[in-house]
Amino acid sequence: MDLTDRARADALDAKDPLAGFRDRFVFADDDTIYLDGNSLGRLPRPVAEGIAGGVESWAARMVGGWHEWIELPAAVGDRLAVACLGARSGEVLVCDSTTVNIFKLAHAALDLRGGAIVTDAGNFPTDRYVLDGVARQRNRRLVVVGSVEEAVEVRDAALVCLSHVDYRSGSLLDLASVTRATDALVLWDLSHSVGALPIDLSAADLAVGCTYKYLNAGPGAPAFLYVRRELQADFRSPIQGWFGQRAQFAMGPRYDPVSGIERFLAGTPSVLGTLAVDAGLQLVAEAGIQRIAAKNAALTDLLIELFDALLTDLDFELGTPRESSQRGAHVSLRHPEAWRIARALIERAKVVPDHRPPDLVRFGVSALYVRFVEVWEAMRRLQELVVSGVHHDVSAEPRRVT
Ligand SMILES: *Cc1c(COP(=O)(O)O)cnc(C)c1O
């Protein structure tokens with residue numbers, strides 16, 4: 001059978017143990033091939049039901065709902081710890097945004113350690129911007145390096161912040177060995193690995209991540225943070241909010257945070273968003289993170305084979321590691337016309353990737369709902385589009401969101 005044969009993709013779908021999970025998602029249009037679940041996951045029916053259930057309990061119970069809702073950030077954090085993070089109960093909290101959680105944990109780490117903050121130049125923008133601000137507020141040096149090898153070699157570092165999976169190239173770092181290679185506290189951003197790959201935080205100090213990518217919890221759903229149990233007693237949130245306060249409703253004169261992970265709560269949590277996270281992570285738990293990771297590897301393998309067969313003569317280059325154990329769940333293709341190609345795929349070919357500057361078209365495969373035949377069809381449409389030159393007809397105007 002030809003590598004580029006549709007029948008091969010169909011055969012992979014026929015024996016896919018996760019194929020049935022696709023029916024748990026909402027599809028507004030069957031013809032659109034959605035390969036941007038690494039930016040915003042599709043809507044799972046259980047997530048819609050989880051939010052609807054929260055709305056009903058608000059209607060029925062009003063303020064009385066808080067007796068249960070108040071437990072949610074830590075309770076959903078515990079379930080996330082087990083299903084996706086290899087962490088222990090009491091180490092994970094679902095709250096705020098990834099950006100805010102980086103701010104909280106970076107400040108807390110600097111309370112404990114003297115020295116510089118280190119990150120890599122290719123890290124996600126919000127991570128770099130927040131760390132730059134924290135460094136200025138705390139009068140510390142921010143060392144921006146070009147590689148993970150350099151990051152762990154910086155002497156006298158207090159905190160090293162890295163992404164587990166790089167948002168552009170998709171390359172995956174070895175979390176345990178990088179954490180061991182430095183004496184600094186390491187803050188991992190798991191936004192591009194949680195729900196897509198197995199994670200083992202047992203050796204890690206600190207982590208954050210978002211829930212609207214591979215956990216499918218919806219736009220703006222709360223993020224999570226992880227603080228290793230042994231570190232928690234000495235860690236203080238720089239946002240001394242009342243949700244982290246001991247005897248919160250005593251409304252006492254002074255801030256006195258609880259002893260556990262909930263000291264990292266700030267203000268009133270998003271209840272509807274946290275219910276969405278709970279439903280999203282339960283779908284991942286039901287499918288099993290190992291099976292999800294195996295299918296993500298097979299989908300990205302297929303995409304790379306199709307790239308080799310169909311696209312190398314068309315000015316494309318592979319921007320992602322070939323070895324499946326070294327990448328996450330997206331593949332980036334480089335092309336000088338990447339922006340126009342991404343636009344043309346969306347507008348003219350009903351394939352949804354995204355564009356990352358300067359020259360990447362990113363294709364995310366989310367195992368719970370992407371089929372092998374969609375990867376085949378997307379690469380076929382991409383080849384056809386570039387051969388025909390249709391991308392020259394679309395507007396190259398910049399947009400606010402890419
Ligand atoms: C998506 C993503 C974020 C997003 O942060 P928000 O605060 O949710 O906007 C942060 N870091 C990485 C690595 C991401 O991929």
Side-chain angles (χ1 to χ4, degrees), residues 35-42 73 77 80 84-85 92-107 117-134 144 148 151 159-173 175 178 186-197 199 201 204 206-226 238-239 264-267 269-270 273-274 276-277 280-281 296 319-320 327-332 353-357 360 362-366 400-402:
L35 299 178
D36 206 10
N38 53 319
S39 192
L40 178 66
R42 269 189 183 280
L80 182 62
C84 298
L85 300 175
V92 176
L93 199 57
V94 172
C95 60
D96 301 317
S97 63
T98 305
T99 302
V100 170
N101 288 335
I102 293 168
F103 176 85
K104 292 189 291 189
L105 296 191
H107 268 289
I117 305 176
V118 181
T119 193
D120 108 65
N123 204 352
F124 193 80
T126 210
D127 302 52
R128 292 183 280 107
Y129 304 158
V130 168
L131 295 172
D132 175 55
V134 171
V144 180
V148 62
L159 177 71
V160 175
C161 176
L162 297 166
S163 284
H164 191 205
V165 170
D166 185 281
Y167 77 103
R168 283 187 294 204
S169 68
S171 20
L172 168 69
L173 294 179
L175 193 148
V178 174
V186 182
L187 169 57
W188 287 99
D189 189 332
L190 306 174
S191 294
H192 274 279
S193 52
V194 65
L197 305 174
I199 294 169
L201 288 180
L206 306 168
V208 295
C210 71
T211 62
Y212 49 76
K213 291 168 181 161
Y214 297 104
L215 293 175
N216 309 304
F224 63 90
L225 61 80
Y226 156 89
I239 303 173
F264 277 95
L265 286 175
S270 162
T274 311
V277 175
L281 80 89
N296 283 332
T320 295
R327 63 173 186 259
H330 72 266
V331 173
S332 291
D354 62 18
H355 165 70
R356 287 294 172 264
L360 299 179
R362 272 194 327 182
F363 298 91
V365 296
S366 199
R400 180 150 180 210
V401 178
T402 60

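In each ligand, atom 1 is the first atom listed, and ligand 1 is the first ligand listed. All values below come from the heavy atoms of this structure, side chains included, with hydrogens, waters and symmetry mates left out. This chain uses plain numbering: 1 for the first residue, then up along the sequence.
On a distance-only criterion, S163 and ligand 1 share no N/O pair closer than 3.5 Å. By the 3.5 Å distance cut-off applied to N or O atoms, T99 is counted among the residues near ligand 1. Any N or O atom pair closer than 3.5 Å counts here, and K213 shares at least one such pair with ligand 1. Checking only distances, D127 does come within under 3.5 Å of ligand 1, N or O to N or O.
A distance of 10.0 Å separates CG of N216 from CZ of R42, quoted to the nearest 0.5 Å. Summarising the geometry, atom CG belonging to L175 is positioned 4.5 Å from atom NE2 belonging to H164; distances are rounded to the nearest 0.5 Å. In this structure, D189 CG and N101 CG are separated by 10.0 Å, a value rounded to the nearest 0.5 Å.
Atoms of ligand 1 lying under 4.0 Å from any heavy atom of H192, numbered from 1 in the order shown and given with element: 15 (O). Short contacts between ligand 1 and S97, defined as distances under 4.0 Å to a heavy atom of the residue, involve ligand atoms 7 (O). Listed by number with element, the atoms of ligand 1 under 4.0 Å from a non-hydrogen atom of S191 are 2 (C), 3 (C), 10 (C), 11 (N), 12 (C), 13 (C), 14 (C), 15 (O).
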Going through the checks in order, is the side chain to side chain donor-acceptor pair (under 3.5 Å) test met by S171 and D166?
CA-CA 5 Å; S171 20; D166 185 281; 5.3 Å; no
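Side-chain atoms of Y226 come within 3.5 Å of backbone N or O of A204 as a donor-acceptor pair. For the pair S366 (side chain) and Y214 (backbone), a donor-acceptor distance under 3.5 Å is absent. The main-chain N or O of V165 is never found under 3.5 Å from a side-chain atom of S193 such that the two would form a donor-acceptor pair. Distance alone, capped at 3.5 Å, places no donor-acceptor pair between the H355 side chain and the R362 backbone.
Protein heavy atom nearest atom 3 (C) of ligand 1, with residue, atom name and distance: F124 CE2, 3.5 Å. At the top of the distance list for atom 9 (O) of ligand 1, counting protein heavy atoms only, stands Y212 OH, 3.6 Å. Here the protein heavy atom with the shortest distance to atom 11 (N) of ligand 1 is D189 OD2, 2.7 Å.
When non-hydrogen atoms are compared, ligand 1 lies under 4.0 Å from the backbone of T98 as well as from its side chain.
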